[in-house]
Amino acid sequence: IAGITQAPTSQILAAGRRMTLRCTQDMRHNAMYWYRQDLGLGLRLIHYSNTAGTTGKGEVPDGYSVSRANTDDFPLTLASAVPSQTSVYFCASSQTSGSSDTQYFGPGTRLTVL
Amino acid sequence: GESVGLHLPTLSVQEGDNSIINCAYSNSASDYFIWYKQESGKGPQFIIDIRSNMDKRQGQRVTVLLNKTVKHLSLQIAATQPGDSAVYFCAETPWANQAGTALIFGKGTTLSVSS
């Protein structure tokens, strides 16, 4: 079982370009999340999905979009990348239940926008 | 507003010592707390969690203490090892069991273990 995989591992992108970060989980978790991690600011939620077919905005959603066509995949798209979107992006998932809300994280994607 | 923070950005200990990492939160409605460990170049890794109806929970070499009176959370690591060197984050959520509830993360404490 791989858990959560993210691709690419890292990417350098020219400003204005479109980019999709991929996230796949094999734990059949109902909820998935995208965070960005910046030095001094910790982890901040970009978007989340409660279940396949639904998405919601987090703390810093501007400039990003997501989709949840099925349980396993939760891609994050930057329609027109800007340098302020340079960050490390983490995907996470959780199986919300009566006993646990623990979120499990992928290995991250390091994105540099020039 | 609510916030989750750690008292010290860095902590240096000797191998074999016990480590204590502290975290304060401001939202009295917080219901669920988690400690994560993040090694360089990796994603956060779950260590231990605790719900607001508990004061203490123990895992393997780790103990989490929750003091709701002063809104304080701590992670104790027994017999600290070099492999424990990492950044430790506390996280909290004020709404238990609601899918899509964001974890609110503190900014992290860097634990350095010297042998």
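Sequence lines set the chain letters: A, B, ... in the order given, protein chains first and strands last, and positions in each chain run from 1.
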A:Ile12, CD1 atom: more than 12 neighbouring heavy atoms under 6.0 Å: no
Heavy-atom neighbours of B:Arg61 CZ exceed 12 at 6.0 Å: yes
Between CD on residue A:Gln103 and CD1 on residue B:Ile34, distance to nearest 0.5 Å: 6.5 Å
Heavy-atom contact with chain A under 4.5 Å, split by part of B:Gln38: side chain
More than 12 heavy atoms from other groups under 6.0 Å of NZ on B:Lys42: no
Side chain to side chain, B:Tyr36 and A:Thr102, heavy atoms closer than 4.5 Å: yes
Co-membership, hydrophobic cluster, residues B:Ile20 and B:Tyr25, 4.5 Å side-chain: no
Contacting region of A:Gln37 [heavy-atom separation from chain B under 4.5 Å]: side chain
Euclidean distance, B:Lys107 NZ relative to A:Leu43 CG, rounded to 0.5 Å: 11.0 Å
Just list the side-chain donor-acceptor pairs under 3.5 Å for residues 105-113 of chain A, sequence neighbours left out, or say none.
unit_1	atom_1	unit_2	atom_2	d
A:Thr109	OG1	A:Pro8	O	2.6

Smallest separation among heavy atoms of B:Gly43 and A:Phe90, with atom names: CA-CE2, 3.2 Å
